[in-house]
There are 2 protein chains.
Amino acid sequence: MTRRSDCPISNTLDYVGDKWSLLILRDLMFFNKNSYSELQNSDERMATNILSKRLETLELDGLINKRTDSVDKRKKVYSLTKKGKDMLPILLEMVVWCSKYDKTVDAPKEVIRRYKTDREALIKDLQKNIKS
Amino acid sequence: MTRRSDCPISNTLDYVGDKWSLLILRDLMFFNKNSYSELQNSDERMATNILSKRLETLELDGLINKRTDSVDKRKKVYSLTKKGKDMLPILLEMVVWCSKYDKTVDAPKEVIRRYKTDREALIKDLQKNIKS
DNA sequence: AAATTTAACTTGTTATTTGCAAGTTAAATT
DNA sequence: AATTTAACTTGCAAATAACAAGTTAAATTT
């Protein structure tokens, strides 16, 4: 999307302010998914053409990398760049907000607990565990 | 929007995962705007019918309140609920992320500085300053 | 008190984006 | 050689957003 203003929030939304991009980042971040088919099979069931387009723009925007698997040449491996991994705090805050206001949601309790005591360390830990 | 899954991130996006909602919250949060015309005149220039619809759903979702101004009856006053104010950390993380990766953006330096030293206090301060 | 302005919308209409179903291609497996 | 799998693409319908213009009720000006 074209830049709407000089506001950092607006600008961030120009990157990921659509219905799907942050869910792709979530899957790469928290569920260690890395292939097209894994991404397609998440609970929200994104349409294949939309997934394809989003992956393309996320790559163009430098949030993810795409490479071909060295053993299975059909397979493409998607991974987060540093820029992409650095969106983790945004997603974490969404988890925290939602688990406060919607108790029916599947929030990981251990994450919520650690968030309250040592947020910084939690973020580093979570980022460390992301597959490159 | 209808709930896509039980994921807290997906669910948060079902509230505010469109192009405009978070910008409305931003204006109410950081710029102390409270009227329709003020919201309409932000840099991104949202179309009036879209603004109208978004305000309606944000109110239905319990993120904002709408009341009639006591002196000028034409005027509607929009304000954030606690639930809405609690989205501030999400927006703050967007400011932090974007100012790290796009130096051409108008990020408030004092906020970025305070974020690094005392995030907690900064959030409370910013929330305290929001007009009810 | 009538005419004008203002705030907050609504109503068409067009353009863009999303969603669904089916089809394609190249590589791997049977 | 035939089938399956992974990662897409294509075409079309439905939903959403964008643009321009019009409406309504209250306030202000003349």
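In what follows, every heavy atom counts, from backbone to side chain, and hydrogens, waters and symmetry copies are set aside.
- Annotation for Lys100(B) and Asp86(A): closest pair NZ-OD2, 2.8 Å, computed over non-hydrogen atoms.
- Residues Lys53(B) and Lys53(A) each lie close to DNA chain C; by heavy-atom proximity, the contact nearer the 5' end of the strand is made by Lys53(B).
- When each of Leu28(B), Ile24(B), Leu58(B) is tested with Leu63(B) by the rule side-chain contact (heavy atoms from CB on, under 4.5 Å), just one qualifies, namely Leu58(B).
- Of all the residues in residues 42-51 of chain B, Thr48(B), Asn49(B), Ile50(B) reach under 4.0 Å from DNA chain D with at least one non-hydrogen atom.
- By the neighbour-count criterion of 12 heavy atoms within 6.0 Å, atom NZ of Lys73(A) is sparsely surrounded, having that number or fewer from other residues, nucleotides or ligands.
- For the pair Ile9(A)/Phe30(B), a side-chain contact is recorded, criterion being any heavy-atom separation below 4.5 Å from C-beta on.
- Between Glu93(A) and Arg119(A) a salt bridge is recorded (basic side-chain N to carboxylate O distance below 4.0 Å).
- Boundaries of the chain B contact region on DNA chain C are dT6(C) to dG12(C), first to last in 5' to 3' order (nucleotide atom under 4.0 Å from a heavy atom).
- Within the 4.5 Å cutoff, the side chain of Lys19(A) has no heavy atoms near those of the Ile50(A) side chain.
- Contact check of residues 55-79 of chain B against DNA chain D (heavy atom, cut-off under 4.0 Å) returns Val71(B), Asp72(B), Lys73(B), Arg74(B).
- At a threshold of 4.0 Å, the pair Arg26(A)-Glu44(A) counts as salt-bridged, since one of the basic side-chain nitrogens sits closer than that to a carboxylate oxygen.
- With salt bridges taken as basic N to acidic carboxylate O contacts below 4.0 Å, one links Asp18(A) and Arg54(A).
- Follow the hydrophobic side-chain contacts under 4.5 Å out from Ile64(B) and you reach Ile130(B) in the same cluster.
- Of the residues in residues 6-38 of chain A, those with a non-hydrogen atom less than 4.0 angstrom from any atom of DNA chain D are Ser35(A), Tyr36(A), Ser37(A).
- Figure legend: cation-pi geometry between Arg45(B) and Trp20(B) absent, as NZ or CZ is not positioned both under 6.0 Å from the six-membered ring centre and within 45° of its axis.
- The side-chain heavy atoms of Ile90(A) and Thr12(A), taken from C-beta on, include a pair separated by under 4.5 Å.
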Practice prompt. Might you work through the salt bridge (Lys or Arg N to Asp or Glu O under 4.0 Å) test for Arg4(A) and Asp14(A), ending with a clear yes or no?
Written response: CA-CA 8 Å; Arg4(A) 289 179 286 177; Asp14(A) 292 344; 2.9 Å; yes
Practice prompt. Convert the base pairs of DNA chain C into dot-bracket notation, remembering that pairs crossing earlier ones are written with [ ] and that bases paired across to another strand are shown as |; include only Watson-Crick or G-U pairs under 3.5 Å.
Written response: ||||||||||||||||||||||||||||||
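- Counting heavy atoms of neighbouring residues, nucleotides and ligands inside a 6.0 Å radius, atom NZ of Lys83(A) exceeds 12 of them.
- Sorted by first then second residue, the side-chain hydrogen bond (donor to acceptor under 3.5 Å, both in side chains) pairs that include residues 56-70 of chain A, not counting sequence neighbours, are Thr68(A)-Lys76(A).
- At a threshold of 4.5 Å between non-hydrogen side-chain atoms, the residues Leu126(A) and Met29(A) do not count as touching.
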